[in-house]
Each structure stands twice: as structure tokens, then as C-alpha cells.
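Values below: all heavy atoms of this structure, side chains included; hydrogens, waters and symmetry mates excluded. Numbers for residues simply follow the sequence, beginning at 1. In each ligand, atom 1 is the first atom listed, and ligand 1 is the first ligand listed.
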Amino acid sequence: MKRRKFLQLSGMGALGVSLTSFSQKKIVETTNSTEIIVVGAGTFGVWTAYHLNQMGAKVTLLDAYGPGNSRASSGGETRLIQADNDNDTYIESALRSYQLWKNIEEISGEQIVLSTGRLAMSSNIAHEHQALKRQKQLERQGINNTEVLSQDEIRYRWPQINSEGIATAMYNGGGASGSTFLARKGIQTVAKEFEKNGGKLKIAKGIPVIKNGRVQGIDIGNEVLKSQHYVFACGSWLSKVFPGLLLPKLKVERRDVLFVGTPAGNSQFTYPNIPEWSVYGSGFYGFPNIKERGFKVAIYPDHNTFDPDTDERLINHYQVKRTHDFVKHRFPALKDQPIVESRVCQVTYSTDGNFIIDKLPASENTWIVGAGSGHGFKHGPAMGEHAAKRILRKQINTKYTNLFKLKEKNF
Ligand SMILES: Cc1cc2nc3c(=O)[nH]c(=O)nc-3n(C[C@H](O)[C@H](O)[C@H](O)COP(=O)(O)OP(=O)(O)OC[C@H]3O[C@@H](n4cnc5c(N)ncnc54)[C@H](O)[C@@H]3O)c2cc1C
């Protein structure tokens with residue numbers, strides 16, 4: 001059956017959302033009308049809610065499974081912050097976000113950011129020229145910790161890495177251009193601070209109730225919550241919430257993450273003795289052993305699709321073997337070490353790799369914030385701030401508005 005036909009038959013409108021009216025449902029309309037409801041407490045939602053609250057709005061934050069849950073893209077152990085981007089707007093956002101992550105650390109007294117450094121290795125010597133160009137670009141933005149390293153220098157600093165075949169590397173020694181977040185802890189800390197500031201957090205799945213093209217409320221099963229503005233920051237679930245509009249514009253892909261055991265009594269692979277690392281073109285990157293979880297190795301798998309609600313989060317033997325083979329070669333001391341933990345996560349790509357922070361078409365009161373496109377975690381604070389300013393009609397950075405527009409193009 002054609003998709004359009006299916007949506008018609010299943011009673012879904014242009015936005016692909018249930019058109020159920022309030023009167024048809026056995027629901028109690030809440031009397032505690034809030035000003036803004038944010039659906040989804042990943043990095044985009046939790047930071048949007050936090051900023052809205054800070055700016056004086058009355059905010060309810062809903063999450064179906066809870067902030068930083070195992071199904072959410074923001075629920076992993078660690079995420080990187082770096083500023084390695086052709087587009088200066090993303091560098092500005094990384095800098096602002098880093099500052100806001102550090103602020104939340106200070107306010108909460110919790111450590112979220114670790115100065116791991118970032119080592120981007122490549123076997124292609126042509127990348128040395130690109131790294132030197134990037135170094136200059138970052139310096140123009142006030143980031144002065146970029147080094148371009150030779151193979152000998154890599155071998156000297158990190159003898160636990162087999163640098164065979166590596167021609168060059170770009171290294172950033174911390175700050176906004178090379179630090180690691182304790183991701184899940186970060187999200188849960190922001191959610192806690194939001195609640196401390198008077199924000200309301202509710203564990204509930206929220207479905208928009210649409211009438212005449214406008215979101216009229218959020219159906220949470222036993223009641224409908226109403227407010228002046230609605231924000232949908234549902235990560236990989238966005239295309240389930242608005243299938244008519246967003247299924248053609250978002251792609252959800254699976255990512256596998258394996259934690260390799262470190263040898264007994266050996267701290268060479270433990271923070272701060274080795275940085276976050278990647279090998280260009282290998283399909284592998286990873287993080288040091290942090291909080292004793294093991295040496296993290298992340299794999300870009302073949303293209304795939306993923307259902308964030310129902311798919312099993314188990315690693316297959318092929319990926320385990322690939323990881324062992326890679327680790328044995330690049331980190332020889334980890335040869336024969338077992339996989340001690342694993343995670344499966346999903347990324348949500350927009351058609352152009354940019355985030356989406358925009359109004360739902362033809363709607364004045366409803367916003368979409370998401371499409372992290374594999375690099376969204378770090379930017380949550382600045383994007384949440386931007387979204388909050390747009391919603392409350394405060395002065396905004398217009399560069400963000402244009403870059404994060406909901407584009408016409410479909411996949
Ligand atoms: C393996 C991996 C590594 C990554 N590495 C990095 C990195 O190093 N640096 C970086 O910056 N980014 C990285 N990313 C990308 C980054 O994690 C994501 O871009 C970001 O976390 C997306 O955040 P989000 O808020 O859009 O979505 P999520 O974090 O998925 O949050 C969405 C939330 O919405 C809730 N929800 C959904 N639907 C509903 C509903 N109807 N009602 C109520 N709640 C709902 C979910 O429960 C979830 O908690 C990585 C991603 C993966 C998977």
C-alpha cells in the first residue's frame with residue numbers, strides 16, 4: 001500500500017498525527033494549564049526546558065522513558081565535544097555550549113566534563129594540510145590548543161597506540177575542542193536543576209492532539225495537557241510523532257558501541273592516559289576507560305534502519321569480531337581482552353546534516369527541536385537556548401535560524 005494511502009486510511013492528517021478530538025476520548029483535561037510543554041528530555045529537550053524555565057516560563061517536561069534513558073541517543077556513557085567543523089556557526093555553538101555545560105557543573109556540583117583531549121588520526125598525509133587549515137580557523141575563534149602531529153610524535157606520546165600506517169593527526173588538548181561528557185549523568189543533572197528551579201518533569205508518552213492544523217494539547221493517556229506552546233524534542237521518535245511531515249525528512253540509523261576490558265593492573269587505556277581517538281576512514285573511534293566501564297570502541301556499521309522503541313539492543317558476532325580485529329592491531333596490549341559491556345544507540349539524520357529548530361509548518365504554537373545528525377549532544381545547551389529565545393520572542397542569533405530551518409527537501 002502506498003504511504004499516502006495508508007495515512008489516509010489510518011485517519012492521519014497531513015502531519016500524520018491522530019486527529020482524535022478531545023470529546024471522543026475518555027480523558028480529563030488538566031486544570032493546571034502550563035505555558036509550555038516540552039516533549040522529550042534528551043539533550044535538546046532538557047536544555048530547551050531548562051532555558052525556558054530560566055527565562056521565566058512555566059514549563060512541563062515530558063519523557064516517555066525518563067531523562068537519559070537507555071533508548072535515547074543522549075543516554076550513552078560518554079559523548080565528545082569538539083569544534084572540528086567547516087561551518088563557523090557550529091564552532092560558535094560548541095563554544096557557547098561548553099560554557100553552559102561548565103555552568104551546570106558549577107551550579108550542581110557534579111562533574112560532567114572531562115578534559116580527555118581528542119586525537120583525530122589519519123593514514124592520508126593530505127590531511128596534514130587540512131589539519132593546519134583547521135588549526136588557523138579554530139585560532140580565529142579563540143581556540144588555541146590545536147596541534148598537528150607526526151607519526152613519531154604520536155608514538156612518543158601514546159606508545160600504547162600502534163601508529164603503523166598513521167601519517168598525521170590533529171590533537172586538541174581539552175576545552176570545547178576536545179573534551180568528553182558523562183552523557184547520561186549530564187542529562188539527568190540538567191533535568192534535576194530544571195526541577196530545582198520549579199520546572200515540572202513527568203514520565204509520560206505525549207501524543208499531540210491536532211485540530212484544524214493546530215496542536216490543541218498533549219494526550220498523555222489518562223489526560224490531555226494544554227499550554228500556549230508545545231515543543232517536540234523527541235529525537236529519533238520525531239518521525240513517529242509527525243510521520244506525514246517527518247518520515248521523509250529524517251533517517252534513523254543504528255550505532256554499536258563496545259567496551260573492551262583493560263588488562264588487570266594496566267592504566268594505559270584509562271583517562272587521562274589516552275585521549276578520545278579516531279582513525280579517519282577506519283569506521284572506528286573511541287574513548288578511554290572512564291569510570292571503569294572499559295575502553296570504548298564505537299563502530300560505524302553498514303547503513304541500516306532502527307526502531308528506537310522495539311529493536312533489541314544487542315551486538316552481533318560480526319561486530320564483535322570486527323572490534324577485536326581492530327583493537328588487536330591498533331591497541332596491541334588489549335589483544336585477547338573481552339568485551340565487558342556493549343550498547344546500541346541510534347542517530348537521527350536530517351537531509352543536510354543540520355539540526356532542525358523550527359515551527360511546525362502552518363503552526364504558531366508548535367516547535368520541532370532535534371535531528372542531531374550524529375553530532376547533537378554537545379550542542380544541546382546552545383540549541384536549547386536558541387529554541388527558548390525563539391519561542392519567547394527574544395533576540396536571537398539569525399545565523400542559527402537559517403541553518404536550522406526545516407528544509408523542503410526529502411530523502
Ligand atoms: C553512538 C553515538 C555516539 C554519538 N556521539 C556523539 C558525540 O560524541 N558528540 C555529540 O555531540 N553527539 C554524539 N552523538 C549524537 C547525539 O547523541 C544526538 O545527536 C543527541 O543525543 C540527540 O538528542 P535528542 O535530544 O534529539 O534525542 P534523544 O536523546 O533521543 O532524546 C529524545 C527523548 O524523547 C523521548 N521521547 C520520544 N518520543 C516521546 C513521546 N512521544 N513522548 C515523550 N517522550 C518522548 C525519548 O524517551 C528520549 O528521551 C552520538 C550518537 C550516538 C548514537
Please write down residue, atom name and distance for the protein heavy atom closest to [atom].
atom                    : result
atom 19 (O) of ligand 1 : G376 N, 3.1 Å
atom 50 (C) of ligand 1 : R79 NE, 3.3 Å
atom 16 (C) of ligand 1 : F377 N, 3.5 Å
atom 34 (O) of ligand 1 : G40 CA, 3.2 Å
atom 30 (O) of ligand 1 : S73 N, 2.9 Å
atom 39 (C) of ligand 1 : C234 SG, 4.0 Å
atom 7 (C) of ligand 1  : L80 N, 3.4 Å
atom 31 (O) of ligand 1 : G42 CA, 3.3 Å

Just by modelled atom types, is the [Y] backbone N or O under 3.5 Å from a matching donor or acceptor in the [X] side chain?
X    : Y    : value
Q82  : D84  : yes
K407 : K405 : yes
D358 : L406 : yes
Q151 : S163 : yes
N145 : G174 : yes
K296 : T78  : yes
E385 : T48  : no

Considering [options] one by one, which has a heavy atom nearer to [atom] than any of the others?
atom                    : options          : answer
atom 42 (N) of ligand 1 : G206, G374, A183 : G206
atom 47 (O) of ligand 1 : I299, D63, I187  : D63
atom 21 (O) of ligand 1 : A94, G75, S74    : S74

Report the part of [X] (side chain from C-beta onward, or backbone N, CA, C, O) that has a heavy atom under 4.0 Å from ligand 1; answer both or neither where that applies.
X    : answer
P308 : neither
A371 : neither
W237 : side chain
H375 : backbone
V369 : neither
I81  : neither
T43  : both

I'd like to check which ligand 1 atoms, numbered from 1 as shown, lie under 4.0 Å from a non-hydrogen atom of [X].
X    : result
A64  : 43 (C), 44 (N), 45 (C)
K378 : 9 (N), 10 (C), 11 (O)
V257 : 1 (C)
G372 : 19 (O)
A233 : 32 (C), 34 (O)
N69  : 47 (O), 48 (C), 49 (O)
Q346 : 53 (C)
V347 : 51 (C), 52 (C), 53 (C)

* Got a sec, which pairs hit salt bridge (Lys or Arg N to Asp or Glu O under 4.0 Å) with one end in residues 59-79, sequence neighbours left out? ->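 Pairs touching residues 59-79 that pass the test: E77-R184.
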
* Asked: Is the closest N or O pair between R255 and ligand 1 shorter than 3.5 Å?
  ->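 There is no such contact.
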
* Test of proximity, C345 against ligand 1: N or O pairs below 3.5 Å ->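 For ligand 1, there is no N or O atom that lies under 3.5 Å from one belonging to C345.
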
Check for me whether [X] has a heavy atom closer than 4.0 Å to any atom of ligand 1.
X    : answer
K205 : yes
G76  : no
Y285 : yes

For residues 368-381, which side-chain N or O atoms pair as donor and acceptor with protein atoms under 3.5 Å away, sequence neighbours left out?
from	atom 1	to	atom 2	distance (Å)
S373	OG	S350	N	3.2
S373	OG	A371	O	2.9
H375	NE2	G353	O	3.2
K378	NZ	H375	O	3.1
H379	ND1	S93	OG	2.7

* Which of these passes side-chain contact (heavy atoms from CB on, under 4.5 Å) with Q319: V257, V297, I299? ->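 Testing each of V257, V297, I299 against Q319, the sole residue satisfying side-chain contact (heavy atoms from CB on, under 4.5 Å) is I299.
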
* With V320 as reference, evaluate D325, I339, D256 under the side-chain contact (heavy atoms from CB on, under 4.5 Å) test and give the passing residue. =>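 Result for side-chain contact (heavy atoms from CB on, under 4.5 Å) with V320: I339.
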
Between [X] and [Y], is the ring centroid distance below 6.0 Å?
X    : Y    : value
W367 : Y230 : no
Y300 : Y285 : yes
Y349 : F411 : no
F194 : Y50  : no

* Any chance the side chains of T180 and T116 put a donor and an acceptor closer than 3.5 Å? ->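 Judged by distance alone, the side chains do pair up.
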
* **Spacing of K291 atom NZ and L182 atom CG [to the nearest 0.5 Å]** =>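 K291 NZ to L182 CG: 6.0 Å, rounded to 0.5 Å.
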
* Apply the ring-ring contact (aromatic ring centres under 6.0 Å, His included) test between F331 and each candidate in F284, W277, W158; give the one that qualifies. =>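 When ring-ring contact (aromatic ring centres under 6.0 Å, His included) is applied between F331 and each of F284, W277, W158, only W277 qualifies.
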
